[in-house]
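These notes concern the structure reproduced below.
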Amino acid sequence: MPDPRRVAILISGRGSNMRALVEKADGYDVSLVASNKPDAAGLQWARDRGLSTWSQESKGVAKEAYDRILSDTLTEYRIGTIALAGFMRILSPWFITQWEGRIVNIHPSLLPKYRGLDTHARALETGDAVHGCSVHLVTEELDAGEVLGQAEVQVAPEDTAQTLEQRVLAAEHDLYPKILSEFVSR
Ligand code: GRF
């Protein structure tokens, strides 16, 4: 059984949560930053920090074939925990079974509210007074695994989806490292 404290962070874009996970790492080691987008901005930041990185474009590759390559890479790095951080790709059932109970994700809503995309606009449309973010276990059903931790953000009357997103993102950067630290030692 690989050490759960050996964490791989999977990103597709800017990687601000990845940065927070690296900078606030406590009780875990970021052993790999991996991306399905070779030009993801976050990858360069990780390289500049001297972290191990891996990337391969996922577009044009069959889902499970890609996930097998990714899984082999994670095994090579003796990864025990996978932290999705803006990884814009739905993992195959094969991959999720392979890594069952070892994959976590950050989602910008108070789950079970607003699974999927456009969470900030949806919270505003509903007229929610409180919004936020959740860290959850990844299972086959999208954004439906066990919630490991949440942070609330108050919605202001003048909020737009953009202003709300910024405040929720700041809350994500505090919540995710904290919950990941707890998760790897549970
Ligand atoms: C965040 O809003 C996160 O909640 C969602 O994707 C976004 C990733 O942003 N899963 P970043 O790449 O971490 O900056």
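Counting starts at 1 for both ligands and their atoms, in listed order.
For the residue pair S12/N36, the side-chain donor-acceptor check at 3.5 Å is satisfied.
Partners of S35 according to the side-chain hydrogen bond (donor to acceptor under 3.5 Å, both in side chains) rule, which considers only residues two or more places apart in sequence or in another chain, do not exist here. Scanning for side-chain hydrogen bond (donor to acceptor under 3.5 Å, both in side chains) contacts around S55 gives an empty result, with sequence neighbours left out.
Annotation: ligand 1 has protein neighbours R14, G15, S16, N17, G86, I106, P108, E172, each with a heavy atom less than 4.0 angstrom from the ligand.
Legend: ring-ring contact (aromatic ring centres under 6.0 Å, His included) pairs involving residues 122-145, not counting sequence neighbours, sorted by first then second residue: H120-H131.
The number of heavy atoms from other shown groups lying within 6.0 Å of CG (D174) is above 12.
For the pair M18/V33, a side-chain contact is recorded, criterion being any heavy-atom separation below 4.5 Å from C-beta on.
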